[in-house]
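Here is the structure we will look at.
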Amino acid sequence: MKKILLTMVLCAGVLFAQAQLIKSDFLAGYGIGENLEKGAYANTTQGSGTPIMLNQWNLSGKTGTNDTGGSNPQTTLALNYGGYAASGQDVAIALAKLESGGRTSIYSLASDYTYGAGTYYIAFMTKVTAASPTTIHEYFALDGNYTGNAQRVRLAVKKPNEEATTFGFGLGGSSSSPSSVSGTFNFGETYLMAFKVVLTEDPENPGVGDGTGTATLYINPDPAAGEPTSSFATVAIEGT
């Protein structure tokens with residue numbers, strides 16, 4: 001299988017000064033060439049029959065030809081981005097272009113509404129080495145289901161044509177892939193991606209999200225500065 005991109009997940013330091021660090025050890029303890037997923041969910045039903053496997057990468061419980069194809073992703077050399085706290089630390093995740101279908105790996109954080117509403121920031125480095133000229137391929141998302149079946153805030157890549165030596169990023173907020181990509185980015189170059197995610201609180205259920213919100217993507221923000229005034233993209237979050 002041809003490698004399509006490398007990505008390091010997730011934030012390993014407070015990128016914007018006003019943000020409180022929740023978690024930074026998503027890849028701590030991994031060596032190069034190890035399997036990413038430590039467990040697997042049998043289905044998408046959350047509860048005692050499918051208990052959460054906390055604070056580790058797992059194969060999602062999604063079913064169908066576009067969910068569990070391919071092999072367990074492997075870890076590889078760490079990525080580097082000047083000025084970012086996580087630069088050169090831990091390892092990166094090597095994602096491969098599959099012959100058919102797809103694979104969803106999920107890092108499970110909570111089984112309740114701990115992160116149901118509020119403002120959150122996620123940052124990681126990414127390096128794309130190949131992209132399709134015909135299909136928008138998503139490779140990062142957030143999920144409201146710890147078994148991996150309610151993906152939102154979908155980041156994707158695509159190149160404009162077969163001969164192109166650059167690619168674009170796309171961002172979608174609903175359960176479907178982004179409808180388009182934009183920008184001109186270089187294969188083999190490491191980019192710093194930072195998301196601001198605002199999940200709207202249900203007025204009748206304090207702390208619980210109402211299924212809506214917004215996601216803003218910043219590309220290559222200054223790690224030493226505050227939140228940028230302009231962004232690459234902002235999308236509405238719709239769903240559950």
Side-chain angles (χ1 to χ4, degrees), residues 4-28 30 75-95 107 109 115 117-131 136-143 151-160 164-173 178 180-200 213-237:
I4 190 169
L5 52 88
L6 305 176
T7 177
M8 180 172 179
V9 184
L10 281 157
C11 59
V14 177
L15 186 61
F16 302 137
Q18 70 271 30
Q20 178 183 358
L21 182 61
I22 296 175
K23 192 169 184 62
S24 63
D25 58 351
F26 292 89
L27 290 168
Y30 281 91
T75 54
T76 188
L77 292 171
L79 299 182
N80 293 275
Y81 185 89
Y84 181 45
S87 180
Q89 294 184 10
D90 297 324
V91 294
I93 303 169
L95 302 179
Y107 193 98
L109 281 174
Y115 306 110
T119 299
Y120 304 95
Y121 295 87
I122 305 98
F124 60 92
M125 294 171 285
T126 190
K127 180 172 69 174
V128 179
T129 57
I136 297 175
H137 284 296
E138 58 190 60
Y139 70 97
F140 171 82
L142 302 181
D143 204 300
Q151 296 166 6
R152 304 290 185 267
V153 190
R154 295 166 176 245
L155 176 67
V157 293
K158 180 180 179 293
K159 65 179 183 179
T165 58
T166 60
F167 68 95
F169 284 111
L171 186 64
S180 63
V181 300
S182 60
T184 301
F185 300 92
N186 298 318
F187 290 112
E189 183 174 340
T190 298
Y191 295 98
L192 178 59
M193 318 295 284
F195 291 85
K196 178 181 181 180
V197 178
V198 180
L199 303 176
T200 307
T214 58
T216 300
L217 171 62
Y218 306 100
I219 299 180
N220 288 352
D222 182 356
E227 184 177 326
T229 57
S230 60
S231 64
F232 175 77
T234 298
V235 296
I237 298 173

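The shown structure was predicted, so the numbers you read here are calculated from the model rather than taken from an experiment.
Closest of all the heavy-atom pairs between L27 and V91 is CD1-O, 3.4 Å. Between I136 and P178, the closest heavy-atom pair is CD1-O, 3.4 Å. In this structure, G213 and T200 approach most closely via the heavy-atom pair CA-OG1, 3.7 Å. Heavy-atom minimum distance, P223 versus Y81: CG-CE2, 4.3 Å. Residues L79 and K127 come closest through the heavy atom pair CD1-N, 3.9 Å. Counting all heavy atoms, side chain and backbone alike, P160 lies closest to T166 at CD-O, 3.5 Å.
Taken to the nearest 0.5 Å, the OH atom of Y139 stands 11.0 Å off from the CD1 atom of I93. Separating the CG atom in L95 from the CZ atom in F140 is a distance of 11.5 Å, to the nearest 0.5 Å. We find the OG1-CZ distance between T129 and F167 to be 9.5 Å, quoted to the nearest 0.5 Å. With values rounded to the nearest 0.5 angstrom, R154 atom CZ is found 8.5 Å from D143 atom CG. Summarising the geometry, atom OG1 belonging to T214 is positioned 7.5 Å from atom NZ belonging to K196; distances are rounded to the nearest 0.5 Å. To the nearest 0.5 angstrom, L199 atom CG is 8.0 Å from L142 atom CG.
Under the rule for a side-chain hydrogen bond (donor to acceptor under 3.5 Å, both in side chains), the partners of Y218 that lie at least two apart in sequence or sit in another chain are E227.
Taking the six-membered ring for Trp and the full ring otherwise, F124 and F26 have centroids separated by 6.0 Å or more.
I219 is listed as a side-chain neighbour of M193, based on a closest heavy-atom distance under 4.5 Å. Two residues are said to be in side-chain contact when any heavy atoms from C-beta on lie closer than 4.5 Å; F195 and L171 meet this criterion. The closest side-chain heavy-atom distance from Y120 to I22 is below 4.5 Å. Side chains of V153 and I237 form a contact here, defined as non-hydrogen atoms less than 4.5 Å apart.
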Could you give me the CA-CA distance, side-chain angles and deciding distance for V181 and V157, then say whether side chain to side chain contact (heavy atoms under 4.5 Å, CB included) is met? CA-CA 7 Å; V181 300; V157 293; over 6 Å; no
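A donor-acceptor pair is defined here as one N or O able to donate and one able to accept, closer than 3.5 Å; such a pair exists between the side chain of Q89 and the backbone of A85. In terms of modelled atom types and a separation under 3.5 Å, the side chain of Y191 and the main chain of N186 share a donor-acceptor contact.
Taking the six-membered ring for Trp and thresholds of 30 and 60 degrees, F169 and F232 have ring planes more than 60 degrees apart, a perpendicular arrangement.
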